[in-house]
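Everything below concerns the one structure shown next.
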Amino acid sequence: MPINDRTIALGAGIAVVAAVVLGVLAWRLRRAAGGSKRGSVSSGNLASSLHDEQLRSSIILNTIEDGVVLIDSQQVIRLFNPGASHMTGWSVEDATGLSWPAVFKFVNSKGEPISTADDPVLKLFSTKDAVRNSAANLLTKSEKTITVSLVLSPILDEQKQVTGGVAVFRDVSEELKAEQQRAEFISTASHEMRTPVAAIEGYLALALNDKVSTIDSRARDYLEKAHASTQHLGKLFQDLLTSAKAEDGRLTSHPEVVEIGAFLEQLTGDLKFAAEKKGLGVDFTLGATRTIDASAGNSGNKVIRPLYYAYADPERLREVITNLFDNAVKYTDEGKVTIGLTGNDQVVQFFVRDTGFGIPAEDIPHMFQKFYRVDNSATRTIGGTGLGLFISRKIIELYGGRIWVESELGKGSTFYINLPRLSTQRAEELKGRGETTILRPTTSLTQTP
Ligand code: ADP
């Protein structure tokens with residue numbers, strides 16, 4: 001599990017424990033107060049069980065390293081444990097009784113105070129739901145910035161009104177730094193290794209070229225295998241580099257206005273040979289509207305195709321569609337691959353459909369995770385890195401879009417992409433400002449270091 005998920009899960013767990021402990025304590029106190037009036041509770045037992053309860057709560061709160069803070073409906077800090085004190089630099093005595101914003105100053109990546117819309121406590125009171133942030137930048141009392149993973153859970157009364165909140169947080173600065181270093185290492189190593197691998201691949205290709213080299217059939221067999229493995233290695237390094245960049249937001253992107261219909265049509269033309277080589281058909285379907293063309297007289301029926309504009313880097317989109325298309329070909333033995341386009345006022349939707357192996361239902365939720373590969377007899381022998389779909393998701397999310405798959409085992413799969421649609425007017429405006437080229441020549445994506 002990635003660090004962020006782990007910390008969130010841990011934080012959520014502790015929040016629940018703390019909320020339960022505090023809730024039980026408050027309930028017992030209330031019950032004790034009511035009970036003693038009615039005189040129905042044995043005062044000796046009550047005192048000892050209350051004492052036990054309080055002791056347990058205070059042991060937990062004083063021992064755990066995570067910060068635990070209880071605020072009331074006025075955002076006043078009612079409880080501030082030593083863990084919170086250790087991280088923020090505020091003493092328990094000083095922080096208790098102060099308002100939440102006086103102690104918890106969150107800043108953005110530029111060190112500026114976060115906007116009110118991002119304020120976790122305001123969010124808590126407005127949404128009445130737990131607020132989670134796996135990497136919030138918090139200023140300590142001495143104005144040092146630390147990154148914390150924070151879970152803020154609401155305390156609700158019987159009318160479901162928020163009467164306060166419990167915050168549980170932990171310092172993840174070191175973990176983030178270590179993760180960043182790991183990503184940088186992968187990025188540098190893949191980049192450095194790509195160059196010699198490309199050279200090896202080039203020389204192997206020369207050795208296999210009849211016009212340049214003379215080799216016997218056994219040597220050809222060996223070199224072909226070496227060539228295929230080198231190509232696989234080159235792709236792995238390239239994918240590792242791209243995914244490392246996608247994760248830390250360094251993926252280069254030059255978005256522009258793209259008319260997805262023309263874009264897909266051209267791309268299908270470029271890609272179809274790979275499918276045809278394997279004996280698969282290739283279809284391109286486009287949402288078309290048949291209208292009467294006045295200038296062509298009564299008999300003239302003309303197909304007017306709606307224009308589907310989106311704002312994205314065409315080279316990145318090409319990378320995504322190529323990956324989906326390559327997968328469709330790779331995981332299909334017979335039938336066809338269809339690229340299609342539809343949409344409505346808000347959304348441009350395109351898809352890559354195949355008639356191949358399909359994907360087991362239990363694998364579908366994991367398909368866009370890093371290194372995830374379906375492990376069954378049909379796919380086991382087919383090479384791959386398990387990074388293509390992860391990279392595709394990151395790219396599509398970069399443009400505010402969504403990617404998902406629907407599939408039936410043994411029948412085939414359809415990978416869908418939704419991108420926000422630009423109205424023709426908006427597209428024209430952006431084009432007018434020079435923020436466009438409709439199509440670029442067909443080149444494969446070149447990685448920038
Ligand atoms: P790779 O294909 O390099 O392994 P991807 O991230 O592109 O990596 O795909 C992840 C996994 O998803 C693949 O290993 C394969 O098991 C499965 N998969 C992807 N596309 C398809 C498809 N069109 N049909 C069946 N399975 C697919």
Side-chain angles (χ1 to χ4, degrees), residues 2 186 190 193-194 197 201 228-247 251 264 267-268 271-272 274-285 316-340 349-398 401-417 444-445 447:
I186 292 178
S190 334
M193 286 190 261
R194 249 177 358 135
V197 167
E201 196 192 323
S229 294
T230 319
Q231 274 180 326
H232 177 72
L233 201 59
K235 170 98 173 80
L236 177 65
F237 287 144
Q238 173 145 339
D239 283 355
L240 276 173
L241 188 58
T242 313
S243 66
K245 285 180 181 180
E247 273 180 301
L251 211 57
L264 286 180
L267 193 52
T268 310
L271 293 172
K272 69 174 186 208
E276 286 169 356
K277 219 163 114 188
K278 205 177 163 184
L280 301 173
V282 176
D283 266 0
F284 178 60
T285 68
R316 290 287 173 210
L317 286 186
R318 186 189 304 279
E319 189 179 11
V320 173
I321 303 292
T322 305
N323 178 46
L324 297 183
F325 192 90
D326 286 350
N327 278 350
V329 173
K330 206 156 72 163
Y331 301 108
T332 303
D333 279 344
E334 52 189 44
K336 62 178 179 179
V337 180
T338 309
I339 293 188
Q349 181 174 99
F350 43 106
F351 61 84
V352 178
R353 178 170 294 147
D354 64 60
T355 52
F357 308 158
I359 299 159
E362 64 270 24
D363 289 297
I364 287 188
H366 309 287
M367 292 300 289
F368 298 90
Q369 286 168 6
K370 206 158 114 176
F371 296 122
Y372 195 84
R373 303 202 69 219
V374 176
D375 184 24
N376 60 25
S377 53
T379 57
R380 205 165 294 140
T381 50
I382 299 173
T385 63
L387 284 168
L389 291 178
F390 171 76
I391 293 170
S392 300
R393 171 168 68 89
K394 288 283 179 188
I395 292 174
I396 293 303
E397 285 174 355
L398 208 60
R402 193 164 84 82
I403 179 168
W404 75 99
V405 60
E406 289 172 12
S407 182
E408 206 178 323
L409 204 55
K411 294 217 165 136
S413 314
T414 307
F415 285 81
Y416 290 94
I417 291 172
S444 63
L445 182 76
Q447 282 284 320

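Excluded from the calculations below are hydrogen atoms, water molecules and symmetry mates; all remaining heavy atoms, backbone and side chain alike, are included. FYI, the numbering just counts along the sequence from 1. Each ligand, and each atom within it, is numbered from 1 in the order the structure gives.
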*Report yes or no: does Phe415 have a heavy atom closer than 4.0 Å to ligand 1?*
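It does; at least one heavy atom falls under 4.0 Å.
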*With only distance considered, is Met367 within less than 3.5 Å of ligand 1 through an N or O on each side?*
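Min N/O separation from ligand 1 is not below 3.5 Å for Met367.
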*Would you say Leu389 has any N or O atom under 3.5 Å from an N or O of ligand 1, going by distance alone?*
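Checking ligand 1 against Leu389, an N or O pair does fall under 3.5 Å apart.
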*Between Asp239, Val374, Ile364, Ile359, flag the one that comes closest to atom 16 (O) of ligand 1 by a heavy atom.*
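Nearest heavy atom to atom 16 (O) of ligand 1 lies in Val374.
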*May I ask which of Ser413, Gly386, Gly388, Ser407 has a heavy atom nearer to atom 1 (P) of ligand 1 than the others do?*
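The option holding the nearest heavy atom is Gly386.
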Within the distance-only criterion (no hydrogens, no angle test), does the side chain of [X] pair as donor or acceptor with the backbone N or O of [Y] below 3.5 angstrom?
{"X": "Arg316", "Y": "Ile395", "result": "no"}
{"X": "Lys235", "Y": "Thr385", "result": "no"}
{"X": "Thr338", "Y": "Asp283", "result": "no"}
{"X": "Asp239", "Y": "Leu387", "result": "no"}

I need the atoms of ligand 1 closer than 4.0 Å to a non-hydrogen atom of [X], numbered in the order shown.
{"X": "Tyr372", "value": "10 (C), 11 (C)"}
{"X": "Gly384", "value": "1 (P), 3 (O), 4 (O)"}
{"X": "Lys330", "value": "1 (P), 2 (O), 3 (O)"}
{"X": "Leu387", "value": "6 (O), 8 (O)"}

*Could you tell me how the ring of Phe351 sits relative to the ring of Tyr416: parallel (under 30°), tilted (30 to 60°) or perpendicular (over 60°)?*
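The rings of Phe351 and Tyr416 sit tilted, inter-plane angle from 30° to 60°.
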*asked:* Going by ring-ring contact (aromatic ring centres under 6.0 Å, His included), name the residues that satisfy it together with Phe284, two or more places apart in sequence or in a different chain.
replied: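 Result, ring-ring contact (aromatic ring centres under 6.0 Å, His included) vs Phe284: none returned.
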*asked:* Taking atom CD as the centre, does Glu362 end up with more than 12 heavy-atom neighbours from other residues, nucleotides or ligands that are less than 6.0 angstrom away?
replied: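 Count over threshold, so yes.
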*Just heavy atoms, cut-off under 4.0 Å: does Asp354 contact ligand 1 by side chain, backbone, both, or neither?*
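Side chain only.
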